[in-house]
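Counting starts at 1 for both ligands and their atoms, in listed order. What you see below is based on every heavy atom in this structure, not just the backbone, and it leaves out hydrogens, waters and symmetry mates.
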Amino acid sequence: MSQTCSQANPHDEAHRQMEQAVLEKRMDGIRQKILVMSGKGGVGKSTVAVRLAVGLAEAGWSVGLLDVDIHGPSVPQLIGLQGREVITDHQAMQPVKVHDRLKVMSIGFLVSSPRDAVIWRGPMKYNIIRQFLKDVDWGSLDYLVVDSPPGTGDEPLAVAQLVGKPAMALLVTTPQELAVNDVRRSVSFCRAVDLPVLGIVENMSGYACPSCGHHVDIFKTGGGEALAAEMEVGFLGKVPLDSNIVAQGDAGHPLTDRPEPRASEQGFRQIVETVLERTRAGRVVLNVLNG
Ligand SMILES: Nc1ncnc2c1ncn2[C@@H]1O[C@H](COP(=O)(O)OP(=O)(O)OP(=O)(O)O)[C@@H](O)[C@H]1O
Ligand SMILES: [Mg+2]
């Protein structure tokens, strides 16, 4: 057998170690990473990720929002940043700034048209996610919220392996048994890759009438809460079906400062508050408030 097959090139190894050191330094500047995921597609992961990032930033924290849904990036659309370009200087990519406390990066900023399909296999996806974490100039952040595609494939696996600690998963489900079953698999994935579960969100949880606020359980609700109890993980809250969420997402205006909050807005606020309470940064806030 050829010796060269089993011997690492010392230059490659030195380069790999240097890159790893850069990644670790970058990740050290982020106090908490939250990976939003679900075994199921279309349950509202991107919506929850955007609303969580916006809500945490509104609460005064410095937040990054990273979209690793390589094949279907929806964050630029949901947050109204379509067509924005990423500037690169000194080998670092500058994230797109929404305002001083909220910065965004997505593969959607790098493809020339939202209609272009990205056809990449696992190793390429791993490399671009690594680059997003290592080469994006996030600066110092309290939270990095990561939106992932459905399932437990290459993208969430890459994030779980690369972000370092502390990192946690926020799992989104809808109430139906089919979605809940897929999210049960997501909990197993998190356990297998040693990623603590911050909690479960039940989205599209019944319907709140936009005029009178009357709540109708279209599907049997409570599946997310029951799953959280069964898997012994936290429950972060529910958000009902609300046509306003679709309108805001399509228009790219994730507004949360409505004078008379709707049930869905209250749901998102509750989730942000619970996340704050359950994470390190939140405990700092509570300590400050409690003197
Ligand atoms: N609570 C809700 N009420 C009504 N519509 C919602 C709600 N949550 C999300 N939506 C809408 O459902 C659609 C899918 O949401 P979203 O893109 O966030 O799901 P996803 O889980 O990220 O999908 P994918 O698996 O394709 O990444 C969007 O049009 C969004 O506006
Ligand atoms: Mg999505």
Side-chain angles (χ1 to χ4, degrees), residues 34-55 65-82 104-109 111 114 117-118 125 129 132 145-156 159 169-176 178-183 185-186 189 200-210 213-219 221-225 236-256 258 261-272:
I34 301 176
L35 174 60
V36 178
M37 57 183 293
S38 174
K40 196 87 185 154
V43 294
K45 294 175 294 300
S46 303
T47 304
V48 169
V50 165
R51 299 300 294 257
L52 176 63
V54 169
L65 173 59
L66 172 62
D67 177 5
V68 299
D69 191 340
I70 312 262
H71 299 291
S74 35
V75 165
Q77 155 88 50
L78 288 173
I79 206 161
L81 294 175
Q82 270 177 310
V104 182
M105 177 54 73
S106 166
I107 185 83
F109 297 141
V111 292
V118 176
K125 292 193 227 173
I129 291 170
F132 276 156
V145 178
V146 184
D147 179 30
S148 56
T152 50
D154 296 313
E155 295 87 342
V159 174
L170 184 158
L171 306 178
V172 182
T173 188
T174 51
Q176 303 97 315
L178 269 181
V180 167
N181 284 341
D182 283 347
V183 175
R185 276 190 280 279
S186 303
F189 165 86
I200 293 177
V201 166
E202 182 174 298
N203 190 27
M204 307 188 188
S205 177
Y207 174 71
C209 170
H214 179 65
H215 189 94
V216 183
D217 281 344
I218 296 181
F219 323 111
T221 59
E225 199 163 5
L236 302 175
K238 316 174 178 190
V239 179
L241 274 165
D242 184 344
S243 57
N244 222 35
I245 295 175
V246 183
Q248 287 173 345
D250 288 353
H253 292 300
L255 299 177
T256 59
R258 308 196 151 252
R262 304 155 73 97
S264 57
E265 298 298 335
Q266 287 170 352
F268 284 126
R269 273 175 203 220
Q270 174 68 57
I271 290 162
V272 171

Problem - Residue list, salt bridge (Lys or Arg N to Asp or Glu O under 4.0 Å) with K238, at least two apart or on another chain - result: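 Scan of K238 (salt bridge (Lys or Arg N to Asp or Glu O under 4.0 Å), adjacent residues dropped) gives E225.
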Practice task
Please answer whether the main-chain N or O of G39 pairs with a side-chain N or O of S186 as donor and acceptor at a distance below 3.5 Å.
Solution key: yes
Completion exercise
So salt bridge (Lys or Arg N to Asp or Glu O under 4.0 Å) across residues 239-252, not counting sequence neighbours, yields D242-R262
Where [X] and [Y] come nearest, the two heavy atoms and their spacing:
| X | Y | value |
| --- | --- | --- |
| V180 | T173 | N-OG1, 3.6 Å |
| F109 | L81 | CE2-O, 3.4 Å |
| I218 | Y207 | CD1-CB, 3.5 Å |

Exercise for the section: State, yes or no, whether a side-chain contact exists between F268 and V54 at a heavy-atom distance under 4.5 Å. Expected result: no
Practice task
Indicate yes or no: at least one non-hydrogen side-chain atom of L66 is less than 4.5 angstrom from one of V159.
Solution key: no
Handout entry: Within-2.8 Å protein N/O/S contacts of the Mg ion (ligand 2)
Key =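 S46 OG, with waters left out.
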Problem - Passing candidate, side chain to side chain donor-acceptor pair (under 3.5 Å) with S106, options D69, D67, D147 - result: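 The passing option is D67.
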Handout entry: Neighbouring residues of ligand 1, heavy-atom cut-off under 4.0 Å
Key =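 For ligand 1, the residues that come within the 4.0 Å heavy-atom cutoff are G41, G42, V43, G44, K45, S46, T47, D69, P150, N203, M204, V239, P240, L241, D242, I245, V246.
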